[in-house]
Amino acid sequence: QVQLEESGGGLVQAGGSLRLSCGASGGTIRFLNMAWFRQAPGKEREFVAAISWSGGRTDYADSVKGRFTISRDTPKNTVYLQMNSMKPEDTAVYYCAGGGWGTTETGFGSWGQGTPVTVSS
């Protein structure tokens with residue numbers, strides 16, 4: 001099973017940008033749908049964005065549509081989440097997931113440990 005590790009989180013001011021990376025090891029992501037989820041303190045984990053294994057389809061939560069972009073670089077075994085125009089409500093721990101499809105956690109067999117993102121106002 002592929003192992004996933006997120007990186008790139010940190011502190012950013014409202015209106016700023018961050019790019020999260022999800023690197024895979026122990027296997028390839030070539031044929032895996034990939035997604036990002038996030039969980040804010042005291043809230044349920046929620047879907048953020050997804051990209052199909054081929055890269056031909058992307059889905060976004062309404063809350064991030066137009067601001068976030070998910071992409072993948074299969075030769076580098078990496079998935080990215082570019083976050084622009086960030087808002088305080090984007091503050092959360094961001095998780096990378098692979099192997100499923102949909103807006104819930106069901107079906108995603110691989111998960112990273114998460115990287116925290118804090119957006120200050």
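Note that the numbering runs from 1 along the sequence shown for the chain. Hydrogens, waters and symmetry mates are skipped; everything else that's a heavy atom, side chains included, is used.
- Taking 4.5 Å as the limit, some side-chain heavy atom of Arg38 sits within range of a side-chain heavy atom of Ser63.
- Under a 3.5 Å cut-off, the side chain of Arg45 and the backbone N or O of Glu105 do not form any donor-acceptor pair.
- Here the shortest heavy-atom pairing between Ser121 and Ala14 reads CA-CB, 4.3 Å.
- Gln82 places no side-chain N or O within donor-acceptor distance of the main-chain N or O of Arg19, the cut-off being under 3.5 Å.
- Applying the disulfide (SG to SG under 2.5 Å) test to residues at least two apart or on different chains, the pairs with a partner in residues 67-121 are Cys22-Cys96.
- In summary, of the residues considered (Leu20, Val64, Ile51), a side-chain contact (heavy atoms from CB on, under 4.5 Å) with Trp36 occurs for Leu20 alone.
- In this structure, Thr78 and Ser21 approach most closely via the heavy-atom pair CG2-CB, 4.3 Å.
- No more than 12 heavy atoms of other residues, nucleotides or ligands sit less than 6.0 Å from atom CD of Gln13.
- When every heavy atom of Val12 is checked against every heavy atom of Met86, the shortest pair comes out as CG1-SD, 3.7 Å.
- The heavy-atom pair separating Ala24 from Ile29 by the smallest distance is CB-CG2, 3.5 Å.
- Side-chain contact between Val119 and Met83 is absent, with no heavy atoms from C-beta onward closer than 4.5 Å.
- No more than 12 heavy atoms of other residues, nucleotides or ligands lie within 6.0 Å of CD in Gln113, so this atom counts as exposed by the packing criterion.
- For Arg67, the salt bridge (Lys or Arg N to Asp or Glu O under 4.0 Å) test picks out Asp90, with sequence neighbours left out.
- The two residues Ser85 and Ser17 come nearest to each other via the heavy atoms N-OG, 4.3 Å.
- Using a 4.5 Å heavy-atom cutoff, the side chains of Thr28 and Asn77 are in contact.
- A side-chain donor-acceptor contact under 3.5 Å links Arg72 to the backbone of Ser52.
- How far CG of Leu81 is from CE of Met34: 11.5 Å, rounded to the nearest 0.5 Å.
- Note that CG of Asn84 is 6.5 Å distant from OG1 of Thr69, once rounded to the nearest 0.5 Å.
- With sequence neighbours left out, the salt bridge (Lys or Arg N to Asp or Glu O under 4.0 Å) criterion links Glu5 to no other residue.
- Residue pairs meeting the ring pair (Phe, Tyr, Trp, His ring centres under 6.0 Å) criterion with at least one partner in residues 58-95, sequence neighbours excluded, do not occur; the list is empty.
- Distance check: Leu32 CG to Leu4 CG gives 8.0 Å after rounding to the nearest 0.5 Å.
- Taking the six-membered ring where tryptophan is involved, the planes of Phe37 and Phe47 are perpendicular, since the angle between them exceeds 60° and thus also 30°.
- Residues satisfying the ring pair (Phe, Tyr, Trp, His ring centres under 6.0 Å) criterion with Trp53, sequence neighbours excluded, are Phe31.
- For Lys65, the salt bridge (Lys or Arg N to Asp or Glu O under 4.0 Å) partners are Asp62, not counting sequence neighbours.
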